[in-house]
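One structure is given below, encoded as structure tokens.
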Amino acid sequence: MLRLEETTGRTFEERMADAISAIPLITDEWTNFNASDPGITILENLILFESLQGSRITMVSDDARRALLKMVGFEAKKGKCARLLLTADGLKKKTHLCNNQRFYLGDMVFETRKAQDVGDAHMIAVKSFYNGEYHDHSHLLDREMVLPAKVFGDEPKVGDAIFFISDTLPEPGNETSFYVRINSGFKRNPLKDRSNNIFASFKWECYTQDGFQEIKAKDFTGALLESGEIKLKFPQDMKYAEFSLDGVSGYCIRATLLTANYDIRPCLMQVDAFLFEVWQKDTRALSLTYQRTDRIRVQNPMKVEGYILCFARENKGESYRRYELSVTGGQRGRYCLFERDENREFTLIFDRHLFGYEPAKVKDAVRIAIYSEEVMRQYHVGRVIGYDDQEIELPFSHIVPDSFMLIAKRTDDRGEEFFDFVRPGKREDNSLTYQLLENDGRIVIEDAGDFIGAELYIGSLAVTEGPKGNVRAENLFSAHGISTEPIFYNPGPGTGGTFRETLEEVKTRFREDVYTPYTCITAEDYEKAAASAPGLCIRKIRAVMDEMDNLVHISVLPGTDEKFPRLSKEYIDTITNTLSERRLITTRFQIRPPVYVGVSVKLTVYVNRQFSDSREQIETRVRELLNYLDGDKNFGEPLTFDEVLAGIESLDCVDYVYDLFMQPENLKHAMLRNGNIYPVENCLLYPGQIMLETIITSIAVK
């Protein structure tokens with residue numbers, strides 16, 4: 001095996017000197033070592049070739065690095081457009097949104113991915129049922145009124161329900177989304193599957209002519225534990241009926257609790273209903289496909305009127321031919337009638353009798369390419385030469401891969417032009433195969449196939465701003481082509497926006513993974529693994545190794561809204577599943593619930609007469625020192641006399657502490673020794689009874 005110093009650490013002169021000094025050891029017939037000797041000339045060339053080889057051996061190309069990283073499971077993550085949910089509750093009537101409908105937030109563009117109708121349904125009331133009574137929470141629909149609502153009270157139970165009442169519902173077979181904003185001050189670990197609800201679950205139903213019928217739902221809120229989306233899909237054959245509840249009539253969607261083992265009681269802040277999706281991307285060139293071959297009506301979603309190119313197939317399986325747009329119909333050849341309508345809509349009419357040519361009745365018979373002026377000025381990107389890995393620069397960067405397409409123009413034996421629409425990554429015999437480097441705005445032609453000499457044009461293109469599209473919540477958006485005030489509102493932030501990972505970012509992620517322990521060895525490993533259990537709120541955790549029994553004791557304080565949180569079965573099961581995947585096979589662990597012990601304090605303090613709130617300050621400081629639940633102290637850490645004394649005497653209002661005594665209120669889980677309190681390993685201390693006597697000094701000691 002070659003060592004690095006053998007390949008790159010020695011100069012040409014050093015290698016040559018070593019070779020010449022070795023000649024007498026091989027033969028005594030070679031005696032002329034001057035540069036004029038042909039043997040020396042040959043030797044110089046061989047040494048130079050060896051030096052060049054040595055430098056090449058240590059070079060690793062980026063493609064080779066990517067392949068090596070892929071072998072260990074690390075590939076560059078694809079770029080994604082940020083996704084956003086918008087409301088249409090400001091619309092007074094149903095409004096049709098075309099595919100690629102554009103919405104604006106300042107200079108940033110968001111677009112739809114499908115045509116849909118919005119603004120036909122509006123939420124009018126939110127009510128819940130618990131403790132045998134109905135409760136009105138309709139204020140959750142008012143964005144100006146921020147008032148938290150515990151929709152299931154303080155003790156949610158199976159059978160409790162929440163009712164969403166609207167003036168109408170989306171058409172059967174359609175989908176819609178709700179967004180619920182939750183009031184929660186606890187940090188919850190992310191779930192691997194956001195629709196997996198650990199603590200509670202709902203049955204979602206819609207009221208119909210046959211009573212309540214179940215509908216499909218994906219709940220990304222953890223059953224109202226986190227702010228997020230609830231996506232609903234209505235069956236195709238559902239027949240809605242009006243429903244009256246507590247004086248309100250309308251169409252009803254009901255969510256009933258099937259399980260209710262909440263760690264934190266649901267507390268809602270806002271509900272927004274009947275939302276639709278948009279993605280942060282800016283389409284600069286658009287390719288539309290149509291099956292009809294006689295009359296095509298096109299709705300142009302682009303901001304400007306744009307430039308239009310028309311292509312059609314005249315026989316099944318053939319490439320496309322270019323059709324020119326005609327407004328008169330007096331020509332013969334490949335033409336189609338072009339009629340412009342209002343709102344940038346236009347119609348194309350194909351007529352064999354009028355022009356002599358028309359598309360065949362085949363799949364994807366007609367393609368329409370619409371360009372902005374910016375793209376049209378530079379839509380010709382280059383020519384296929386045919387050598388390996390030919391690179392072509394594109395006029396745009398940060399391209400959305402799914403939106404990109406090239407048009408390849410070739411010429412047949414008769415000199416007529418024909419066109420093919422080619423997406424990146426397409427691999428077929430004799431086809432044009434290329435890779436899109438979307439961040440840099442380049443294509444790499446891997447296989448030219450039958451396309452050598454073809455001219456390449458942009459067929460469709462959209463660009464994105466990546467993570468910048470993850471905008472904050474509560475913005476107002478304007479819509480292209482809808483003449484209203486900015487009435488589209490995003491109740492939640494944008495999510496998912498990112499650029500494709502660079503090679504350096506993949507390498508960094510690989511290094512971080514290598515240095516992140518997966519198997520639990522030390523107590524710290526167990527603490528980190530348990531603290532990252534998906535879907536849980538964990539405030540404190542401590543692992544203690546019992547080497548005699550080869551057992552790890554793990555104490556956990558859940559983050560709940562209880563005064564003294566208990567460790568529920570859901571917490572124990574989730575942590576157990578997490579640690580079972582990562583423990584050593586010969587090591588056992590035990591999850592221990594927290595126990596709480598109050599600490600009584602009796603003290604006499606001399607205070608400075610200049611402070612009128614001395615007593616309040618001292619009591620507050622004592623409670624802070626004794627509060628393990630909210631303080632920095634962890635399970636089992638001792639509470640020493642000296643630290644409490646020093647903490648009290650550090651107050652400006654205190655002259656000195658005359659007397660101090662601490663006593664645990666439960667000696668089963670904490671012991672007193674030499675004035676210090678030593679809790680057991682799964683015990684947390686909290687302030688108990690505080691008996692404070694303050695004496696005002698006439699002369700300050702400090």
Side-chain angles (χ1 to χ4, degrees), residues 96 98-100 114-115 283 285-302 304-373 375-376 379-380 383-384 403-423 426 428-432 449-451 453-461:
H96 181 74
C98 63
N99 185 21
N100 295 103
K114 62 180 180 180
T283 299
L286 183 64
S287 176
L288 304 174
T289 306
Y290 296 90
Q291 310 300 329
R292 293 187 60 181
T293 59
D294 51 355
R295 187 182 188 92
I296 297 173
R297 185 176 178 83
V298 181
Q299 186 175 10
N300 180 11
M302 300 184 66
V304 296
E305 189 170 287
Y307 296 84
I308 302 166
L309 299 181
C310 178
F311 304 86
R313 279 193 174 124
E314 296 175 348
N315 292 290
K316 184 177 181 180
E318 286 189 353
S319 300
Y320 288 88
R321 302 289 179 169
R322 171 83 179 274
Y323 277 63
E324 299 292 340
L325 306 183
S326 172
V327 295
T328 60
Q331 308 94 325
R332 296 287 292 178
R334 289 189 173 94
Y335 291 93
C336 61
L337 277 177
F338 177 77
E339 297 178 356
R340 192 181 306 277
D341 302 329
E342 297 180 358
N343 299 324
R344 293 178 309 283
E345 294 184 4
F346 57 88
T347 302
L348 302 180
I349 302 173
F350 299 90
D351 191 333
R352 178 183 291 274
H353 299 290
L354 184 62
F355 298 113
Y357 293 88
E358 70 177 1
K361 295 181 179 180
V362 297
K363 183 181 179 181
D364 299 340
V366 178
R367 281 188 180 270
I368 307 296
I370 306 174
Y371 299 93
S372 67
E373 182 175 353
V375 175
M376 194 65 187
Y379 83 128
H380 179 249
R383 186 168 180 265
V384 181
S403 75
F404 187 75
M405 187 187 301
L406 287 175
I407 301 176
K409 182 180 76 173
R410 294 179 288 173
T411 306
D412 60 17
D413 297 337
R414 296 174 297 176
E416 295 186 357
E417 296 176 345
F418 60 98
F419 302 82
D420 293 275
F421 289 74
V422 187
R423 290 193 177 276
K426 181 180 179 181
E428 296 179 359
D429 292 342
N430 303 319
S431 66
L432 177 65
D450 292 339
F451 286 77
E455 300 292 338
L456 299 180
Y457 302 85
I458 292 176
S460 63
L461 170 88

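Every heavy atom of this structure was used, including side-chain atoms; hydrogens, water molecules and symmetry mates were not. Residue indices begin at 1 and follow the sequence shown.
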Nearest-0.5 Å distance, [atom1] of residue [X] to [atom2] of residue [Y]:
{"X": "Leu348", "Y": "Leu337", "atom1": "CG", "atom2": "CG", "answer": "9.0 Å"}
{"X": "Tyr357", "Y": "Phe350", "atom1": "OH", "atom2": "CZ", "answer": "15.0 Å"}
{"X": "Cys98", "Y": "Glu345", "atom1": "SG", "atom2": "CD", "answer": "8.5 Å"}
{"X": "Tyr371", "Y": "Leu309", "atom1": "OH", "atom2": "CG", "answer": "5.0 Å"}
{"X": "Leu406", "Y": "Ile458", "atom1": "CG", "atom2": "CD1", "answer": "7.5 Å"}

### Message
With salt bridge (charged side-chain N to carboxylate O under 4.0 Å, His left out) as the criterion, how do Arg383 and Glu455 come out once you've worked through the C-alpha distance, each side chain's angles and the decisive distance to 0.1 Å?
### Response
CA-CA 5 Å; Arg383 186 168 180 265; Glu455 300 292 338; 3.4 Å; yes
Closest approach of [X] to [Y] (non-hydrogen atoms, all atoms of both residues):
{"X": "Tyr320", "Y": "Arg313", "answer": "OH-NH1, 3.4 Å"}
{"X": "Asn99", "Y": "Lys114", "answer": "OD1-N, 3.4 Å"}
{"X": "Gln291", "Y": "Asp364", "answer": "OE1-N, 2.9 Å"}
{"X": "Leu286", "Y": "Asn100", "answer": "CD1-OD1, 3.6 Å"}
{"X": "Ser460", "Y": "Ser403", "answer": "OG-O, 2.6 Å"}
{"X": "Ala365", "Y": "Ala360", "answer": "CB-O, 3.4 Å"}

#### Entry: Any residue meeting salt bridge (Lys or Arg N to Asp or Glu O under 4.0 Å) with Arg414, in chain and number order, not counting sequence neighbours
Asp412, Glu416
#### Entry: Pairing residues for His380 by the ring pair (Phe, Tyr, Trp, His ring centres under 6.0 Å) criterion, not counting sequence neighbours
Tyr457
### Task
Identify, with sequence neighbours excluded, every residue that meets ring pair (Phe, Tyr, Trp, His ring centres under 6.0 Å) alongside Phe451.
none
### Message
My understanding is that only residues two or more places apart in sequence, or in another chain, count here; which of them pass side-chain hydrogen bond (donor to acceptor under 3.5 Å, both in side chains) with Glu324?
### Response
none
#### Entry: Contacts of type side-chain contact (heavy atoms from CB on, under 4.5 Å), residue Thr347, not counting sequence neighbours
Arg295, Arg297, Glu339, Asp341, Ile349
### Results of side-chain contact (heavy atoms from CB on, under 4.5 Å) for Asp450 - residues two or more places apart only
Arg410, Asn430
### Full working for side-chain contact (heavy atoms from CB on, under 4.5 Å) between Ile370 and Leu288
CA-CA 8 Å; Ile370 306 174; Leu288 304 174; 4.1 Å; yes
### Message
As a quick check of understanding, evaluate side-chain contact (heavy atoms from CB on, under 4.5 Å) for Leu461 and Phe404, giving each step before the final call.
### Response
CA-CA 5 Å; Leu461 170 88; Phe404 187 75; 3.8 Å; yes
### Query
More than 12 foreign heavy atoms under 6.0 Å from CZ of Phe338: is that the case here?
yes
### Task
Check whether the ring centres of Tyr307 and Tyr379 lie less than 6.0 Å apart, and answer yes or no.
no
Side chains of [X] and [Y], heavy atoms from C-beta outward: is any pair under 4.5 Å?
{"X": "Cys336", "Y": "Leu325", "value": "yes"}
{"X": "Val298", "Y": "Tyr290", "value": "yes"}
{"X": "Phe355", "Y": "Arg332", "value": "no"}
{"X": "Val366", "Y": "Cys310", "value": "yes"}

### Query
Are any side-chain N or O atoms of Arg322 and backbone N or O atoms of Phe419, one a donor and one an acceptor, separated by less than 3.5 Å?
no
### Message
When you compare the side chains of Tyr323 and Glu314, does any donor N or O come within less than 3.5 Å of an acceptor on the partner?
### Response
yes
### Task
I would like to know whether Ser326 and Gln331 meet side chain to side chain donor-acceptor pair (under 3.5 Å); could you show each step before the answer?
CA-CA 8 Å; Ser326 172; Gln331 308 94 325; 3.0 Å; yes
### Task
Under the side-chain contact (heavy atoms from CB on, under 4.5 Å) rule, what do Leu456 and Ile407 come out as? Steps first, then yes or no, please.
CA-CA 6 Å; Leu456 299 180; Ile407 301 176; over 6 Å; no
### Task
Take Phe421 and Phe311 through the test side-chain contact (heavy atoms from CB on, under 4.5 Å) and record every step on the way to the result.
CA-CA 10 Å; Phe421 289 74; Phe311 304 86; 3.6 Å; yes
